[in-house]
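Here is the structure we will look at.
The chains referred to below are lettered A, B, ... by the order of the sequence lines, with proteins before strands, and numbering in each begins at 1.
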Amino acid sequence: MVENLVIVESPAKAKTIEKFLGDSFLVKSSFGHIRDLDKKDFGIDIKNNFTPKYIVSTDKKKVVTELKKLAKEAETVWIASDEDREGEAIAWHLFEELKLKKEKTKRIVFHEITKDAILNAVENPRQIDDNLVNAQQARRILDRLVGFEISPVLWKKVKPSLSAGRVQSVAVRLIVEREREIISFESESFFKVIAQFTITDEKGVEKTLKAELPKRFSTKEETLDFLTSCKNAEYHIDDIVKKPSLRKPAAPFTTSTLQQEASRKLGFSVSQTMTVAQRLYEAGNITYMRTDSVNLSETALNTAKEEITRLHGADYVKIRKYSTKSKGAQEAHEAIRPTYLNKHKVEGESNEKRLYDLIWKRTIASQMSDAKLEKTNIKINISTNEEKFVATGEMIKFEGFLKVYLESTDDEEQKQEQSLLPQVNVGDKLESEFVKAVQNFTHRPPRFTEASLVKKLEDLGIGRPSTYAPTITTVQNRGYVVKESRDGVQRQYEVLNLIDDAIEEETLIQNTGAENKKLFPSDIGMVVTDFLIKHFSNIMNYNFTAEVEKEFDEIAVGKMVWQEMIGKFYHPFHANVEKTLEESERETGERILGNDPKTGKVILVRIGRYGPMAQLGESAEGDEEKPKFASLRTGQHLETITLEEAIDLFKLPRDLGLYEDKKVVVAIGRFGPYVRHDGKFASLHKDVDDPMTIDLERAIVLVEEKREKDRLKHIKSFEEDAELQILNGRWGPYISYQKENYRLAKDIEDPKTLSYEDCLKIIKSAPKKKTSKVAKKAPAKKKAPAKKKATTTKKKTTTAKKKTSTAKK
DNA sequence: CAGTGAGCGAGCTTCCGCTTGACTT
């Protein structure tokens, strides 16, 4: 029996707070939301003014029972969930579900977990804010209506099991539209001219000065004209301009910026970042990791000041207050920072250490002084020409925060060298070492990484810190988006070099367009997006969330009634759903590529029941012959596949001949190219075998390899039952029985010794299979391996190919 | 596991946001 029961959302928080409060307080956690809308019949009584039906989630039953019991015994229940829309709703659900009494329930909030803040909160309790709760209910119900009404339309009109939602569908749209921009992008080339000069100072020391021509030439002719004009030219320093500038540190981490920096600096996926951060949080090393606030507590600011002074001196301290720019931020927490800033390192595995280091540096740097820079611009005259070269340099006058931390950018091209310029004076004469024109190409827009997509969503005010990572995972699990690395292609570029008054021409090769862990839309992602834009343009609008958020805010301050807001949205929306179901065509992404030269029949591609496919001929009435079908291969897409590539798809299956008097056939199945022989299948080796060219000899090798593998796989069969086998798998020996697999206990030394009865016993005692909810996966076809050689991810690997030295006189 | 792509059709799929384990066929 306790006097006071305090309920917070997170168990780690509960542990910390308990220390600050006396013995008369018991602190427990609700583990987030405890109730949600029923899944049956929408969980909303639409006809009855959208009355929601909430049920306790199955995984929360235990918590609720325990809290109920404790609440009954306690004299006062303090609900201390977060001070935002969701937190208020959690408080209300607790109040309702635990059947609390108003007079013995107190609602308290605090933004930082310090003794003072918490004691202060206890001194100033309030009531549950019904308006805020209603804003959350409106949010929840709107999302349910959108998701559960549109998804079934997709099942009917596109493909079963698909999903649509306010957040995920827009996330996919961003990726689809970016991909189309990239597909239609036409790169243009231009020539950039750089020059290298030497200058000898008074002491006779030779120094180098690199400069660039601001003007770009679009053709080779113009470039050559320019270079030719520079023959026998003299170069002088024309002008020197020095300009001071400041650079400010970035704000402390929020969830989104942490995900971005961990991606850029550490190569983490967004979900990996969150997992590692969670561990740091649970160990008490960092503050809460799901936040949109950039605010630091007074205590944190004070320790930052002390720590920076101690490490670098008082000159380096500049205490700053940052304010949130992102739309819809609710700021229930602090920014993500180390709990104790004087702790420079943590124990733990390497990723935890690295992420902590990043957080520590970012937090410290955010309270350090500006870096003072001096930018120098030197203009260089060309005696034979009106153009001027420009040399730029940047000098750090005072490091400030740069001593600790510099935020990275997503721009891969931006690796501007920090060149220190030599001391020169106006009028100095320069010797030209070379003037070189290099062919460059305009860049297509970049593909999204997981983290840059999160940034974009945050900029649009779509999604919350707790959902960024799950959303990114969902759109991949649904098969709308794939994360892939791809090799680039080789491209030639020209270099024209003026050395010793002669022009040398070279053609070099560079690798371009290589991608490392980028997001690509799948065909189904594109088709679904097109369908949704066509029929549900308002939901797909990038401003939809921002607009409904405005209304939620109105509800939160009591200026709008939530049922009215939902009603105004729902009725036209629902009518549109009905209309779409009735009138819209099936969306298949069909594209007619042309005609088969052999049969003259039409060849088209579209989404089929099992994914993207090509079709030869149509099932017209009166036409006896059925159309032929073939799945598209990995890397082929509805929007970009050519007629020739599609024709090739119909060249399979190929009959290779006989082996042991049985046919050997090569074809492509759900799991890629394979050889079939005597009812057995063997996969072709990736990147080695090509189903179009593989010969009988090689196919036999694969068949034999497969036989050997099967021999190794099989450990024991039983006469009693052919369906029961002991096999060797990726995780060691296991029992296979009636298409189900069962693991063996670790202490079994030799599985061969198991008897039939032993096996049945193991099967019986095996834990019940869970519902196959997690087992569901995107089509196997899309599961491209992320492996890629390290060298291919480098942007520019230039290798000289041929050297055509056609020096002009 | 494996060449499917209509036919007959039951029953299922699905949202966003708040939390942490359980457990890798």
Side-chain angles (χ1 to χ4, degrees), chain A residues 8-13 29-37 39 42-43 57 59-60 63 81-82 84-87 89-90 93 136 139-155 159-169 275 278 281-282 288 290 330 332 462-468 470-471 474 478 545 588 606-615 619 626-631 652-653 665-676 679-683 727 729-732 734-736 739-743 767 769-776 780:
Chain A
V8 295
E9 289 174 46
S10 141
K13 199 167 167 180
S29 139
S30 75
F31 294 83
H33 274 296
I34 53 156
R35 301 200 302 189
D36 191 17
L37 295 174
K39 288 212 177 200
F42 282 63
S57 331
D59 55 335
K60 296 291 164 56
V63 186
S81 48
D82 297 341
D84 58 11
R85 206 162 61 200
E86 297 297 327
I90 288 174
H93 281 302
Q136 192 274 349
R139 198 280 304 155
R140 180 66 193 93
I141 285 165
L142 178 98
D143 282 336
R144 170 57 67 83
L145 291 170
V146 169
F148 274 36
E149 292 224 359
I150 299 186
S151 297
V153 178
L154 293 179
W155 306 343
K159 222 180 128 193
S161 298
L162 294 175
S163 65
R166 175 176 59 83
V167 173
Q168 58 167 286
S169 296
T275 313
Q278 175 87 29
Y281 168 66
E282 281 169 11
Y288 196 59
R290 288 185 276 262
Q330 308 214 358
I462 301 173
R464 304 280 312 129
S466 69
T467 58
Y468 294 139
T471 301
T474 302
R478 292 268 172 277
T545 292
T588 61
R606 63 182 172 93
I607 296 274
R609 213 167 16 131
Y610 306 101
M613 58 177 252
Q615 181 178 334
S619 49
K626 274 199 266 180
K628 278 186 168 176
F629 304 101
S631 290
L652 294 174
V665 179
V666 58
I668 295 174
R670 204 143 77 84
F671 306 97
Y674 66 91
V675 176
R676 190 183 59 205
K680 290 255 163 54
F681 297 87
S683 291
L727 299 174
R730 247 207 301 173
W731 293 279
Y734 66 96
I735 295 173
S736 164
K739 303 221 160 104
E740 298 277 359
N741 298 328
Y742 303 87
R743 58 196 314 177
K769 276 253 177 192
K770 292 192 304 188
T771 46
S772 61
K773 199 156 183 187
V774 202
K776 214 144 239 173

Legend entry - Between C1' of B:dT20 and CD of A:E9, the distance in whole Å: 13 Å
Legend entry - Short side-chain donor-acceptor distance under 3.5 Å, A:S57 and A:R35: no
Legend entry - Minimum-distance pair of heavy atoms, taken over all atoms of A:F42 and A:R144: O-NH1, 2.7 Å
Inset, instruction - State whether A:R290 places a side-chain N or O below 4.0 Å from either non-bridging phosphate oxygen (OP1 or OP2) of B:dC18. - result: no
Legend entry - Residue mapping more 5' on DNA chain B - nearest nucleotide basis, A:S466 or A:V665: A:V665
Inset, instruction - Would you classify A:A164 as touching base, sugar-phosphate or nothing, given that sugar-phosphate means primed atoms plus P, OP1 and OP2, and contacts are heavy atoms under 4.0 Å? - result: sugar-phosphate
Inset, instruction - Consider only side-chain N and O atoms of A:S29 and A:E9, and report whether a donor and an acceptor are under 3.5 Å apart. - result: no
Inset, instruction - Would you please confirm or rule out a distance under 4.0 Å between OP1 or OP2 of B:dC16 and any side-chain N or O of A:T467? - result: no
Inset, instruction - Specify the separation, in whole Å, of atom CD of A:Q278 and atom C1' of B:dG21. - result: 10 Å
Legend entry - Distance below 4.0 Å between A:R35 side-chain N/O and B:dG17 OP1 or OP2: no
Legend entry - Short side-chain N/O contact from A:R478 to OP1 or OP2 of B:dT14, under 4.0 Å: yes
Inset, instruction - Would you check if A:F31 stacks with the base of B:dT19, given a 5.5 Å centroid limit and a 30° plane limit, both strict? - result: no
Legend entry - N/O (side chain, A:Q168) to phosphate O (OP1/OP2, B:dC15) under 4.0 Å: yes
Legend entry - Under 4.0 angstrom between A:R609 side-chain N/O and B:dA6 OP1 or OP2: no
Inset, instruction - For residues A:Q278 and A:Y288, determine if any side-chain heavy atom of one lies less than 4.5 Å from a side-chain heavy atom of the other. - result: no
Inset, instruction - Give a yes/no answer on whether the side chain of A:Y468 brings an N or O atom under 4.0 Å of OP1 or OP2 in B:dG17. - result: no
Legend entry - Phosphate-side-chain proximity, A:Q615 and B:dG5, N/O vs OP1/OP2 below 4.0 Å: no
Inset, instruction - Considering just the side-chain nitrogens and oxygens of A:S163, establish if one lies under 4.0 Å of OP1 or OP2 belonging to B:dC15. - result: yes
Legend entry - Heavy-atom side-chain proximity of A:I90 to A:S30 below 4.5 angstrom: yes
Inset, instruction - Please figure out whether A:F148 or A:Y281 has its closest DNA chain B nucleotide nearer the 5' end. - result: A:F148
